[in-house]
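One structure is given here, and the rest of the page talks about it.
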Amino acid sequence: MAMPPLYHLLSRKSGRSKTDNYTRDLTPALEGYSIEVMPRTAAKIDNFRALLPSGTRVYVAHIEGTPIHEMTDTVRRISEDGFAVMPHIPARLLDDEAMLEDWLSRYSDAGAREALVLAGGLDQPRGKFHCSMQLLETGLFDKHGFTRLHVAGHPEGNKDIDPDGSDHSVMEALRWKQAFNDRTDSEMAIVTQFAFEVGPVIEWTARLSAENVDLPIHLGIAGPAKLQTMIKFAVACGVGPSIRVLQRRAKDISNLLLPYKPTDVLSELVAHRLKVPDSNLRQVHFFPLGGIRQTVEFALATGKQKEADRPGVSG
């Protein structure tokens, strides 16, 4: 069995002492990262091959109002550029099973073999589906050749799912998805909402383990952006207690002029993986709130890639 990228890099450097200086080398946390785009943001990138590291998984977010042809055009373009592409399939945007099959057929024709299956951001479903489990139960992903299916995770809770502030419904859904993974051939993982601290995510990971949910976890983090932009998105997306990191920064007016960078989160993740090398926190997923290029350039600079590994240099 292949070791996850983060574990592999930590093992390669096992001869070094576990000091604070070590945790400042953030390369392990960035190995194999994925990134999220939308059709309108992807259209601003002339050449993904020259920008992204080879093998990067690219999620394509489906926002309400985006025509399906814009989604499939974006998926096709990214797939033809040689990247693993993972369109969002939001249950609440779908009318019925026929519409789901149409979308999956289109995405398969465009080169997608992976999907992020989620409820979606609508308060009320447009049609018969209200959750990702209903989509998975149709069997249509397997029919159309989708071999990897990711699902959403909410380490800091989700009041749309559990209005009482508990995690009862969220945990019940994750147990169901674990069982689905165990009884099917799908490769599955959980990709989380972005957070600004790793501590709450580590506690959530332990909670999952106690519930016998051992799916790999891809930690959502926000790419560099202006602090005002970051706070706006964090509030809109329902980020939980870790938003206090931004609130503390915002108390100093001078910080409003500086971009937020997820350096501390990445450092915390590396430190955690040194302490718990078999953690289910396997890699990071970037939400490029300040722009795709800005996020990739941050990862490139922070990850200390060798010149030969830089996009557009070799091959």
### Task
Take Asp95 and Lys128, measure what side chain to side chain contact (heavy atoms under 4.5 Å, CB included) needs, and give me the verdict at the end.
CA-CA 6 Å; Asp95 293 336; Lys128 66 178 290 186; over 6 Å; no

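- Taken from CG in Leu100 to CD in Gln134, the straight-line distance is 11.0 Å, to the nearest 0.5 Å.
- Residues Ala222 and Leu289 share a closest heavy-atom pair of CB-CD1, 3.9 Å.
- Both Val201 and Val265 belong to a common hydrophobic cluster when Ile, Leu, Val, Met, Phe, Trp and Tyr are linked at side-chain heavy-atom distances under 4.5 angstrom.
- None of Arg57, Arg148, Arg113 except one satisfies the salt bridge (Lys or Arg N to Asp or Glu O under 4.0 Å) rule with Glu187; the exception is Arg148.
- Using a 4.5 Å heavy-atom threshold, the side chains of Phe194 and Phe286 count as separate.
- Residues Ser108 and His144 bring no donor and acceptor atom of their side chains to less than 3.5 Å of each other.
- To the nearest 0.5 Å, atoms CG (Asp142) and OG1 (Thr147) are separated by 9.5 Å.
- The shortest side-chain heavy-atom distance between Arg293 and Leu51 falls under the 4.5 Å cut-off.
- With contacts defined as side-chain heavy-atom distances shorter than 4.5 Å, the pair Leu94/Arg126 does not qualify.
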### Query
Given the rule in the side chain to side chain contact (heavy atoms under 4.5 Å, CB included) test, do Trp103 and Thr72 qualify, once you have shown the distances and angles that lead to the verdict?
CA-CA 9 Å; Trp103 283 17; Thr72 54; over 6 Å; no

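- Between Glu70 and Arg40 there is no salt bridge, since no side-chain nitrogen of the basic residue lies less than 4.0 Å from a carboxylate oxygen of the acidic one.
- Taking the side-chain contact (heavy atoms from CB on, under 4.5 Å) definition, one finds that Asp182 meets it with Gln178, sequence neighbours left out.
- Between Pro53 and Thr56, the closest side-chain pair of non-hydrogen atoms falls below 4.5 Å.
- At most 12 heavy atoms of other shown residues, nucleotides or ligands fall within 6.0 angstrom of atom CG in Asp185.
- Taking all atoms of both residues into account, the shortest heavy-atom contact from Ala299 to Leu30 is O-CD1, 3.7 Å.
- Under the 4.5 Å side-chain contact rule for hydrophobic residues, Phe298 and Ile292 share a cluster.
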### Verdict with supporting geometry, Thr205 and Leu281, side chain to side chain contact (heavy atoms under 4.5 Å, CB included)
CA-CA 8 Å; Thr205 302; Leu281 283 171; 3.9 Å; yes

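- Between Thr184 and Leu149, the closest side-chain pair of non-hydrogen atoms is not below 4.5 Å.
- No path of Ile, Leu, Val, Met, Phe, Trp and Tyr side chains, each step under 4.5 Å between heavy atoms, connects Phe129 with Leu116, placing them in separate hydrophobic clusters.
- When the shell of 6.0 Å around CZ of Arg175 is examined, it contains more than 12 heavy atoms from other residues, nucleotides or ligands.
- To the nearest 0.5 Å, atoms CG (Leu219) and OH (Tyr33) are separated by 15.5 Å.
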### Task
Let me see the working for Glu203 and Arg207 under salt bridge (charged side-chain N to carboxylate O under 4.0 Å, His left out), right down to the final yes or no.
CA-CA 6 Å; Glu203 294 174 4; Arg207 173 93 163 87; over 6 Å; no

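- With 3.5 Å as the limit, one finds a donor-acceptor pair spanning the side chains of Ser279 and His272.
- Contact between Leu122 and Arg92 at its shortest, heavy atoms only, is O-NH1, 2.8 Å.
- At a threshold of 4.5 Å between non-hydrogen side-chain atoms, the residues Trp176 and Leu136 count as touching.
- In terms of hydrophobic clustering, with Ile, Leu, Val, Met, Phe, Trp and Tyr side chains grouped at heavy-atom distances under 4.5 Å, Phe146 and Met133 are assigned to a common cluster.
- Ser132 places no side-chain N or O within donor-acceptor distance of the main-chain N or O of Ala119, the cut-off being under 3.5 Å.
- Between the OG1 atom of Thr295 and the CG atom of Leu300 there is a distance of 12.5 Å, given to the nearest 0.5 Å.
- The minimum heavy-atom distance between Met188 and Phe180, with the atom names listed, is SD-CD2, 3.6 Å.
- Residues Leu135 and Phe141 come closest through the heavy atom pair O-CE1, 3.6 Å.
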Could you give the side-chain donor-acceptor pairs of residues 58-65 under 3.5 Å, partners two or more places apart or in another chain?
| residue | atom | partner | partner atom | Å |
| --- | --- | --- | --- | --- |
| Tyr59 | OH | His150 | ND1 | 2.8 |
| His62 | NE2 | Thr66 | O | 3.0 |

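- The shortest distance between side-chain heavy atoms of Ile221 and Phe287 does not fall below 4.5 Å.
- Atom NE2 of His154 sits about 12.5 Å away from atom CE of Met171, to the nearest 0.5 Å.
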### Task
Evaluate the criterion side chain to side chain contact (heavy atoms under 4.5 Å, CB included) for residue pair Leu215 and Asn181; output intermediate values, then yes/no.
CA-CA 8 Å; Leu215 296 173; Asn181 174 80; 3.6 Å; yes

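- For the pair Pro39/Met71, a side-chain contact is recorded, criterion being any heavy-atom separation below 4.5 Å from C-beta on.
- In this structure, CD1 in Ile217 is found 9.5 Å from CG in Asp214, a value given to the nearest 0.5 Å.
- Thr138 and Lys143 share no donor-acceptor pair across their side chains, judged by distance under 3.5 Å alone.
- In the hydrophobic cluster analysis, where Ile, Leu, Val, Met, Phe, Trp and Tyr join through side-chain heavy atoms closer than 4.5 angstrom, Val191 is grouped apart from Val75.
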Under 3.5 Å, sequence neighbours excluded: what are the donor-acceptor pairs made by side chains of residues 77-90?
| residue | atom | partner | partner atom | Å |
| --- | --- | --- | --- | --- |
| Arg77 | NH1 | Ala42 | O | 2.9 |
| Arg77 | NH1 | Ile45 | O | 3.3 |
| Arg77 | NH2 | Ile45 | O | 2.1 |
| Arg77 | NH2 | Asp46 | O | 3.4 |
| His88 | NE2 | Glu36 | OE1 | 3.4 |

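- Taking both residues in full, the closest heavy atoms of Pro262 and Gly223 are given as CD-C, 4.4 Å, listed atom of the first, atom of the second, then distance.
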